[in-house]
Amino acid sequence: MRLRHKPWAKDFIAEHSQYVIANPEQYKGKWHEVFGNDHPIHIEVGTGKGQFLAGMSVQNPGINYIGIELFDSVIVAALQKIVDQKLPNMKLLNVNAQNLTDYFDDNEIERVYLNFSDPWPKSRHSKRRLTYKSFLEIYEKILVKGGEVHFKTDNQGLFEFSLISFSEYGMQLKFVSLDLHNSDFEGNIMTEYEEKFSEKGQRIYRVEAKFMNEE
Ligand code: SAM
């Protein structure tokens, strides 16, 4: 993600604290109160500019979506989409995914989406990949039993690493696609990165990985 310094970003976020939730630790275990309903909650880790989550929110009004994004200069673009499109079922957190257990209780989330996560190609940086074991431990804790991680990327190396990481963790792999846009998958919502890379002719990889922790 190319970062431009946006001095106004912090003010814009603070003015819209009903959408980019400030002090999210106070809502741990209470996210249904924030949305005002009991609908399932899905999160996207590394939301970027929010096109995927905004599209999913419109497509699935019976699901609540929370986007997790580290950089305020990027999350403002996702916030702008909520403001423009008036999306009642989409919220954002301007936080690091490493700390997700501070914001979400055990079993509070029904699904995790990872889209075009930073590949961190150097092996000495492998622990930073969002499909590394330590992140899977975090997702497993906040997800319902048998919860799923749905992952898309254009990066073959990251995809291979992630398939191994999911498998070694004991997760079940479902619907593995080595060419999503030429598969029979229906209802795909493209992310900003997905549009950019597929226009360049790159293949998109996708997998659903399920935690096998049901009693
Ligand atoms: N998902 C978007 C898409 O497909 O267009 C953005 C992809 S971009 C390559 C990855 C995004 O993940 C960046 O905006 C980055 O800031 C965010 N990110 C990376 N590590 C993160 C972390 N630990 N916590 C929260 N966001 C993170």
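Numbering of ligands and ligand atoms starts at 1, following listing order. No experiment lies behind these values; they were computed from the predicted model shown. We number each residue from 1, following the sequence as shown.
Classified by interplanar angle (parallel below 30°, tilted 30° to 60°, perpendicular above 60°), the ring pair H16/Y19 is parallel. Taking the six-membered ring where tryptophan is involved, the planes of F116 and Y193 are tilted, since the angle between them lies from 30° to 60°.
For the atom pair CG (L100) and CD1 (I142), the distance works out to 4.5 Å, reported to the nearest 0.5 Å. Taken from CE in M90 to NE2 in H42, the straight-line distance is 14.5 Å, to the nearest 0.5 Å.
Among the atoms of N115, some N or O lies under 3.5 angstrom from an N or O of ligand 1. The shortest N or O to N or O distance between L130 and ligand 1 is not below 3.5 Å.
Heavy atoms of V45 found under 4.0 angstrom from ligand 1: none, in either backbone or side chain.
Per-residue contacts place N96 under 4.0 angstrom from the following atoms of ligand 1 (heavy atoms of the residue considered): 22 (C), 23 (N), 24 (N). Ligand-side atoms of ligand 1 in range of E44: 1 (N), range being under 4.0 angstrom from any heavy atom. Which parts of ligand 1 touch F116 is read off a 4.0 Å heavy-atom cut-off, strictly below it: atoms 4 (O), 7 (C), 8 (S), 9 (C), 10 (C). Here is the list of ligand 1 atoms found below 4.0 Å of a heavy atom in F71: 16 (O). Taking every heavy atom of T191 and a limit of under 4.0 angstrom, the matching atoms of ligand 1 come to 3 (C), 4 (O), 5 (O). Interface of V95 with ligand 1, defined as ligand atoms under 4.0 Å from a residue heavy atom, comprises 24 (N), 25 (C).
When the heavy atoms of E194, E69, Q51, K49 are ranked by distance to atom 15 (C) of ligand 1, first place goes to E69.
Ring centroid separation for the pair F211 and Y169 comes in under the 6.0 Å cut-off.
Within the 4.5 Å cutoff, side-chain heavy atoms of K28 are placed close to those of D105.
The side-chain tip of K200 does not point at the ring of F197 from less than 6.0 angstrom away and within 45° of straight on.
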